[in-house]
Amino acid sequence: MPTLDGVLETALYVDDMGRARAFFETVMGLEPFTADHRFTAYDAGRGTVLLLFLKGETLDTVTLPRGMGTIPPHDGHGPVHMALAIPADQLGAWEAQLNAHDIGIEGRTHWPKGGESLYFRDPDGHLLELATPGVWPNY
């Protein structure tokens with residue numbers, strides 16, 4: 001069986017790219033790798049990428065320059081969930097960061113293996129989770 005090395009990209013579809021970028025850059029502290037009117041790509045840590053796509057702007061095949069190939073159409077609707085890994089000693093700092101930006105914490109979980117999670121929403125209603133080690137058998 002071929003192996004997997006992990007999830008490389010996670011995509012969220014947003015209604016307003018400017019509003020989404022302001023949230024992810026100001027509240028979450030992410031810096032874009034690249035961006036245009038329809039997408040923004042962020043370093044999400046440990047070799048992972050968070051992609052923001054403007055809803056409805058990826059419904060056609062994209063032909064890349066210089067014969068690089070194509071990207072098939074994709075899109076998404078409705079709120080989704082994603083978790084971001086954080087060190088255990090940063091949980092309090094993240095809670096303070098969210099509070100400083102008036103981001104309501106909707107839930108907290110204390111997992112049996114010792115991990116903790118904070119849940120909150122981005123401006124598009126996606127449920128974001130900050131999770132410390134001890135949530136899953138592999139994390």
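Both backbone and side-chain heavy atoms feed into the values below; hydrogens, waters and symmetry mates do not. Position 1 is the first residue of the sequence, and the numbers go up from there.
Sorted by first and then second residue, the ring pair (Phe, Tyr, Trp, His ring centres under 6.0 Å) pairs with a member in residues 106-133 form an empty list; sequence neighbours excluded. Within the structure, the ring pair (Phe, Tyr, Trp, His ring centres under 6.0 Å) test picks out no pair touching residues 82-104 (sequence neighbours left out).
At least one donor-acceptor pair closer than 3.5 Å links the side chain of Thr132 to the backbone N or O of Glu116.
Residues Asp60 and Pro73 form no side-chain contact, since every pair of their non-hydrogen atoms from C-beta on lies 4.5 Å or further apart. Looking at Thr10 and Thr48, their side chains never come closer than 4.5 Å, going by heavy atoms from C-beta outward.
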Donor-acceptor list for residues 79-93 side chains, cut-off 3.5 Å, not counting sequence neighbours:
from	atom 1	to	atom 2	distance (Å)
His81	NE2	Glu129	OE1	2.8

For residues 50-59, which side-chain N or O atoms pair as donor and acceptor with protein atoms under 3.5 Å away, sequence neighbours left out?
from	atom 1	to	atom 2	distance (Å)
Lys55	NZ	Asp15	OD1	3.3
Glu57	OE1	His37	NE2	3.4
Thr58	OG1	His74	O	2.3

Determine, step by step, whether Met28 and Ile103 satisfy the side-chain contact (heavy atoms from CB on, under 4.5 Å) criterion, reporting the C-alpha distance in whole Å, the side-chain angles of both residues, the deciding distance to 0.1 Å, and the verdict.
-> CA-CA 11 Å; Met28 303 305 295; Ile103 306 297; over 6 Å; no
Would Leu127 and Arg121 satisfy side-chain contact (heavy atoms from CB on, under 4.5 Å), going step by step from the backbone distance to the final call?
-> CA-CA 5 Å; Leu127 181 63; Arg121 303 252 175 207; 3.7 Å; yes
May I have the step-by-step check of side-chain contact (heavy atoms from CB on, under 4.5 Å) for Arg38 and Val62, ending in yes or no?
-> CA-CA 12 Å; Arg38 66 178 191 86; Val62 173; 3.9 Å; yes
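A distance of 11.0 Å separates OG1 in Thr40 from CG in Leu30, rounded to the nearest 0.5 Å. Here the CZ-CG distance, from Phe33 to Asp43, works out to 4.0 Å after rounding to the nearest 0.5 Å. Here the CG atom belonging to Asp16 is positioned 13.5 Å from the CZ atom belonging to Phe23, to the nearest 0.5 angstrom. Remark: Lys113 NZ to Trp136 CH2 distance equals 11.5 Å, nearest 0.5 Å.
When the salt bridge (charged side-chain N to carboxylate O under 4.0 Å, His left out) test is applied to Asp124, the partners found at least two apart in sequence or on another chain are Arg19. Every salt bridge (charged side-chain N to carboxylate O under 4.0 Å, His left out) that Arg108 has, sequence neighbours left out, goes to Glu95.
Taking both residues in full, the closest heavy atoms of Ser117 and Val135 are given as OG-CG2, 4.1 Å, listed atom of the first, atom of the second, then distance.
Two different hydrophobic clusters hold Val49 and Leu12 under the rule that ILVMFWY side chains link at heavy-atom gaps under 4.5 Å.
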